[in-house]
Amino acid sequence: MAIWNLGSINIDQTYRLDSLPKPGETLASRNHSFGLGGKGANQSVAAAMAGAVTHHLGAMGTGDDWVLDSLASKGVDTTHIARLPDEATGHAIIMVDRDAENAIIIHPGANRAIDEAALTETLAGFSDRDILLIQNETNGQVAAAKAARAQGARVIYSAAPFDLDAVRDVLPHVSILAMNEGEAAQLFASLSGDMTVQGLLITRGSQGAEYHDLTDNQTYEQASFKVTPVDTTGAGDTFAGYFAAGLDAGLAIPGALRRASAAAALQVTREGAGDAIPTSSEVDAFLADQS
Ligand code: RIB
């Protein structure tokens, strides 16, 4: 019915380098660009591009209006993004090497100053057919997830950037847990007891993705599409947003995985994060070209 995303909004400053710097090293970048980012904003853009009615829940500083314009131009409802006079808009310093791998520093700013009472109030109007997305770059995940589950809605949690304490706190209120392979390994090594979620989505980059339905013990695998990546920043967010939109549209898991995988494959062939996310028709055309 609709996707609500409690998520970070960042201005990404991206520097392209031959290799990532080692401790103590100073390197000159080959290219610099800036654009829309943040795991949350990227997921909102992906869900909206995929065709879902998408409301972003978050916060920014009082400047940087182009960020809101950019989200809105991609179809994201920005009504519930607060403007906080005493906080900077979140930003990220991203270094991308010649193999398209990255290293990222984030400054959370307004992303970690979200008013939880206002959030809970908004989510009290949730429908049981809505989906809440959350990640680890904001505050308020537990309150939001509890409020959404209280209305019978599904909660999809991307446990990134990985933080074991955050995962432990949020997990009891989550329907689907999404992680990359490295995050999954860290989690399974440190969690004891049964996994209470209904589904587990694990992405493995160029090695594909899999979804474990823990309600009936079925596993669905999706191979990755072969492309030449130029920048992998935001690929996981693109996957998560498209996957959620697929579920929202009533696709079965294999269909949602396939579209999400195609969207992420296309996204890594372009530079940037939120600005590199493909439209639904671009994903259709890409899938039509696959044998
Ligand atoms: O997942 C990619 C994102 O992580 C970037 O857009 C950056 O802003 C950080 O949040």
Side-chain angles (χ1 to χ4, degrees), residues 5-17 20 29 32-49 56-61 64 66-68 70-71 74 76 81 87-97 100-114 133-141 156-163 166 178-184 201-206 209 229-244 260-261 263-278:
N5 182 9
L6 168 61
S8 56
I9 301 166
N10 288 340
I11 295 173
D12 285 357
Q13 301 280 353
T14 303
Y15 301 86
R16 298 190 76 89
L17 305 151
L20 301 179
S29 77
H32 164 250
S33 57
F34 74 97
L36 176 66
K39 294 188 192 309
N42 298 340
Q43 292 193 6
S44 282
V45 169
M49 290 290 208
H56 193 92
L57 305 165
M60 291 174 44
D64 310 309
W66 67 268
V67 173
L68 279 188
S70 177
L71 280 166
K74 295 170 197 305
V76 178
I81 298 175
E87 299 287 346
T89 300
H91 49 272
I93 304 293
I94 303 178
M95 292 169 284
V96 181
D97 74 10
E101 288 304 332
N102 63 41
I104 303 180
I105 300 167
I106 54 170
H107 175 71
N111 293 319
R112 290 264 162 86
I114 294 169
L133 304 184
I134 49 177
Q135 315 81 33
N136 274 342
E137 287 185 345
T138 66
N139 63 302
Q141 291 91 337
I156 302 181
Y157 173 44
S158 298
F162 190 76
D163 174 336
M179 289 173 297
N180 67 32
E181 200 173 15
E183 291 158 352
L201 172 65
I202 299 179
T203 50
R204 303 184 200 284
S206 61
V230 299
D231 183 355
T232 57
T233 312
D237 307 328
T238 304
F239 197 112
Y242 257 86
F243 181 75
S261 179
L266 267 175
Q267 196 264 356
V268 302
T269 63
R270 304 168 180 177
E271 292 188 9
D275 298 316
I277 296 170

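Just so you know, ligand 1 is whichever comes first in the structure, and atom 1 is the first atom listed for that ligand. Side-chain atoms are counted along with the backbone in the values below, which use heavy atoms only and exclude waters and symmetry mates.
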Short side-chain donor-acceptor distance under 3.5 Å, T14 and E271: no
Pairwise side-chain contact, S70 with D275, heavy-atom cut-off 4.5 Å (strictly under): yes
Under 3.5 Å: donor-acceptor pair, side chain of N180, backbone of T203: no
Set of residues satisfying side-chain contact (heavy atoms from CB on, under 4.5 Å) with respect to R204, sequence neighbours excluded: E181, I202, Q207, E210
4.5 Å side-chain heavy-atom contact, N10 and E137: yes
Q135 and N5 side chains, donor-acceptor separation under 3.5 Å: yes
List, pair by pair, the atoms of ligand 1 and of the protein that are both N or O and lie under 3.5 Å apart, giving the separation rounded to 0.1 Å.
{"unit_1": "ligand 1", "atom_1": "1 (O)", "unit_2": "K39", "atom_2": "NZ", "d": "2.8"}
{"unit_1": "ligand 1", "atom_1": "1 (O)", "unit_2": "D237", "atom_2": "OD2", "d": "2.7"}
{"unit_1": "ligand 1", "atom_1": "4 (O)", "unit_2": "K39", "atom_2": "NZ", "d": "3.1"}
{"unit_1": "ligand 1", "atom_1": "6 (O)", "unit_2": "D12", "atom_2": "OD2", "d": "2.6"}
{"unit_1": "ligand 1", "atom_1": "6 (O)", "unit_2": "G38", "atom_2": "N", "d": "3.0"}
{"unit_1": "ligand 1", "atom_1": "6 (O)", "unit_2": "N42", "atom_2": "ND2", "d": "3.1"}
{"unit_1": "ligand 1", "atom_1": "8 (O)", "unit_2": "N10", "atom_2": "ND2", "d": "3.0"}
{"unit_1": "ligand 1", "atom_1": "8 (O)", "unit_2": "D12", "atom_2": "OD1", "d": "2.6"}
{"unit_1": "ligand 1", "atom_1": "8 (O)", "unit_2": "G38", "atom_2": "N", "d": "2.9"}
{"unit_1": "ligand 1", "atom_1": "10 (O)", "unit_2": "N10", "atom_2": "ND2", "d": "3.1"}
{"unit_1": "ligand 1", "atom_1": "10 (O)", "unit_2": "K39", "atom_2": "N", "d": "3.4"}
{"unit_1": "ligand 1", "atom_1": "10 (O)", "unit_2": "E137", "atom_2": "OE1", "d": "2.9"}
{"unit_1": "ligand 1", "atom_1": "10 (O)", "unit_2": "E137", "atom_2": "OE2", "d": "2.7"}

